[in-house]
Asker: 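Take a look at this one; I'll ask things after.
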Amino acid sequence: MKKKGTLSRVLNFAGRKSGFFAGSVILALCGVALSFVPYLITADMVGQLLLGNSSADYYITRIIWMGVCWIARIVLHSVSTSLSHVATFNVLGGMRRELCEKLSKIPLGAVLDDNSGSYKNVIVERVDSMETTMAHIVPEFTANIILPIVMFIYIMNIDWRMGLANLIAAVFGLVFVSGMMVRSKGEFELTLQKTKHLNDTAVEYINGIEVIKAFGKTGSSYEKFVIAAREGADCFINWMRKCIWFQSGAMSFMPATFLGVLPVGLLLVSNGSLTASNFITSIILSAGLISPLVVAFSYTDDIAKMGAIFGEVWEILDRKDMVRPTTLTKKPEGSDISLKDVKFTYKEKEVLHGVDMDIKAGTVNAIVGPSGSGKSTIARLIDSLWDVDSGTVTYGGVDIRELPLDYYANQISYVAQDNYLFDMTVMENIRLGRQDATDDEVIGAAKMCGCHDFIMGLENGYDTVVGGAGGHLSGGERQRICIARAMLKDAPVVILDEATAYTDPENEAVVQESVAKLVQGKTLIVIAHRLSTIVDADKIFVINQGILEASGTHDSLLKDCELYANMWEAHTQSKDSDEADMVHIHDGGKETKYA
């Protein structure tokens, strides 16, 4: 499919307001015409003075007309920029909406490849930085380009030699502009890279501030941020240092039209080939010839920046979507899940090598293995957060790539150990599991997972705002709310990716009891590190370095799978060690144990 051009994309983002850009240009052109009139009136008045016209009424009338033209020009300019601003805000809003929608359509791996700060930087700061340039470039750039052209044509009509004389200073100015462009080559792209790195480093530093403080790494961690900030500033300074003399030369010569007009005009007047009246008219028009061009050329840097930002936006929008149908054409029969010869590559490294798994509906299944073996990757492939490179993942006998995303999303409840809470109330966060759920249903789900009591203990109960990423709650509290959200969804398949990692032993027992209620008649897939939590699973899959090494029940794997037996032994020894390391504190005859 042929990619759309930048202009067509911008107009598409503008939507119904795209016509405002055309209206802005038309008004700007009208403003140009009115801007040109005062110069013509001034030249005419000078000519009349030279002819001896001393009528006060004549000059007052023309001065009034000049004022009217300037006022009308200002009004047109204001309306023109207002229209362009309206259209621009629609463009930026549409762009942000499409970027956010795109992130939900592309595979999760493509999103995780980049730092979250990079996406925030593009969607918020980068897009926002285009507002001023885009809103003003349409009326102002248009006006400041067309007005000098009209003036130049008029001067050429008076005397072509005076027209060319206006270009003498511009030639010198263009030499400096060319030098500046050569020196600037690649500099803006470098500033984008350094700014992006600074943003990523800042996000990393802020997110890790708790660990930094806890382990006394403030100095070294802050130094990384300082270095990124210094490099970000230095690239701009070096860019300006390379171009400052060329820019100064260009800004000095470009407006200096009199450098050519005065000597050439005097020479032509002295030899009688140019009248004094035409000479003065040429001087007046020359005064307004180059300055608008300088203003127009001042936008070239912003246009280059806008082009680079558009490039970043298009790079995200042009990524390959997860291809899914929009309507359900093949209805799954049951909720059996099957992986056949599944291979998957992440960051150019194959992490799954032909995995085969069969998960029967209504059973409890566990996926275990060493860290980095591919357990969570399998869960995410089942949840359709990624697409397999080869092989198939089927649900109810249908390849999940043949199922609409919305339909399949309703079949899976995925609870990860780092699930996200939005900066909304507890009630609203749980209701995300099912938007049409009543308050009683939300509270019922919370009671089932054992978090109703702690929620009622919050300042405003279910109306308590949890803060950004749930920052006002503990890790265990956040996790239990996420499980309540999954319960409310009531999907046929539940995936728990070490879902009880942040809960204490007492609450873990409550959560596990509620999970048992949740999965009655459903398919449960558990990714677990603590093997004691999955000994009663109907089937356990042992993954090792992206390969399915064995599968079976806990007892059969202890006999037939050396890796699982070693993992179980290490797990039981760790539990014994934890009990042996408990500290006994005596307080008034009472003995309390602390791990």
Side-chain angles (χ1 to χ4, degrees), residues 6 81 84 88 92 115 117-145 148 167-205 222-259 289-315:
T6 295
T81 52
S84 64
T88 296
L92 302 186
N115 188 289
S118 301
Y119 289 109
K120 175 256 184 186
N121 196 31
V122 172
I123 296 173
V124 181
E125 281 89 354
R126 289 276 192 260
V127 172
D128 188 64
S129 67
M130 291 193 292
E131 182 268 324
T132 301
T133 302
M134 189 180 296
H136 289 272
I137 195 173
V138 173
E140 296 184 12
F141 188 81
T142 303
N144 284 299
I145 285 291
L167 302 180
I168 294 176
V171 171
F172 290 100
L174 289 174
V175 171
F176 283 100
V177 169
S178 300
M180 183 172 65
M181 294 178 65
V182 171
R183 300 281 286 181
S184 294
K185 188 177 182 180
E187 291 297 325
F188 180 64
E189 286 75 12
L190 179 62
T191 62
L192 285 180
Q193 295 173 11
K194 294 297 184 182
T195 303
K196 182 178 180 180
H197 176 62
L198 172 60
N199 192 73
D200 293 347
T201 305
V203 171
E204 179 185 12
Y205 179 76
Y222 184 67
E223 183 181 1
K224 181 180 178 182
F225 172 72
V226 170
I227 292 173
R230 184 179 296 114
E231 290 178 348
D234 288 346
C235 67
F236 281 97
I237 294 172
N238 292 335
W239 182 13
M240 294 301 104
R241 185 179 290 120
K242 287 181 179 180
C243 300
I244 186 64
W245 293 109
F246 291 95
Q247 183 181 18
S248 299
M251 297 302 291
S252 298
F253 277 99
M254 290 293 284
T257 54
F258 288 171
L259 286 176
L289 182 63
I290 297 297
S291 294
L293 286 178
V294 173
V295 174
F297 283 129
S298 68
Y299 283 103
T300 56
D301 192 36
D302 292 324
I303 293 172
K305 292 178 182 179
M306 193 166 64
I309 294 169
F310 274 134
E312 290 185 318
V313 173
W314 302 158
E315 188 277 326

Asker: Taking only residues two or more places apart in sequence, or in another chain, which ones meet R241 in a side chain to side chain donor-acceptor pair (under 3.5 Å)?
Answerer: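 Per chain and number, R241 pairs via side chain to side chain donor-acceptor pair (under 3.5 Å) with N238.
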Asker: Would one find more than 12 heavy atoms of other residues, nucleotides or ligands at under 6.0 Å from atom CZ of F258?
Answerer: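 More than 12 within 6.0 Å, yes.
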Asker: Taking all atoms of both residues into account, what is the closest heavy-atom pair of W245 and F176, and its distance?
Answerer: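 Reported closest heavy-atom pair: O-CD2, 4.3 Å.
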Asker: Where is the tightest heavy-atom contact between L92 and V127, given as atom of each residue plus distance?
Answerer: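 Heavy atoms only, the tightest pair is CD2-O, 3.6 Å.
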